[in-house]
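Below: one structure, written as structure tokens.
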Amino acid sequence: MVTVYSKPACIQCTMTDRPLDKAGVIYRTVDVTENAVALEYVTEDLGYSAAPIVVVDDHNHWAGFRPDLISALAQSTALDA
């Protein structure tokens, strides 16, 4: 399952959620301001410092609003359905 690590009042996070929702991508959202373990994971393990962080799997993840990668994810999700 895709995970979007987010924080409140994050415009890029909202901009990421909308096309994921529109494409029907199933994902869960984790608020890094309320989950210290998640914050440590994205900053220490993955090396990101800005939200959102989208994690598809151990080798496919990114930070920020990336419409190109969201589109590619939506296409691959549609093919898997």
Rounded to the nearest 0.5 Å, what's the gap from CG on Leu46 to CD1 on Ile53? Could you check? 8.0 Å

Thr43 and Leu39 have their tightest heavy-atom pair at OG1-O, 2.7 Å

Taking ring pair (Phe, Tyr, Trp, His ring centres under 6.0 Å) as the definition, give me every residue that meets it alongside Tyr41, ordered by chain and number, with sequence neighbours left out. Tyr5

Donor-acceptor pairs under 3.5 angstrom involving side-chain atoms of residues 30-38: please list them, not counting sequence neighbours.
residue : atom : partner : partner atom : Å
Asp31   : OD1  : Thr33   : N            : 2.8
Asp31   : OD1  : Thr33   : OG1          : 2.5
Asp31   : OD2  : Thr33   : OG1          : 3.3
Asn35   : OD1  : Val37   : N            : 3.2
Asn35   : OD1  : Ala38   : N            : 2.9

By side chain to side chain contact (heavy atoms under 4.5 Å, CB included), Ala50 pairs with (sequence neighbours left out) none

How long is the span from the CG atom in Leu20 to the OG atom in Ser71, to the nearest 0.5 Å? 11.0 Å

Return the set of residues passing side chain to side chain donor-acceptor pair (under 3.5 Å) with Thr3 (not counting sequence neighbours), or none when no residue passes. Arg28

Partners of Arg66 by side chain to side chain donor-acceptor pair (under 3.5 Å), sequence neighbours excluded? Asp68

So the disulfide (SG to SG under 2.5 Å) pairs with at least one residue in residues 11-49 (sequence neighbours excluded) are Cys10-Cys13

Quick one: side chain to side chain donor-acceptor pair (under 3.5 Å) partners of Tyr48, sequence neighbours excluded? His61

With ring-ring contact (aromatic ring centres under 6.0 Å, His included) as the rule and sequence neighbours excluded, what pairs involving residues 16-38 come up? none

For Ile26, which fellow cluster members are found when Ile, Leu, Val, Met, Phe, Trp and Tyr are connected by side-chain heavy-atom distances below 4.5 angstrom, either directly or through intermediates? Met1

Pairs touching residues 7-25 that satisfy salt bridge (Lys or Arg N to Asp or Glu O under 4.0 Å), sequence neighbours left out: none

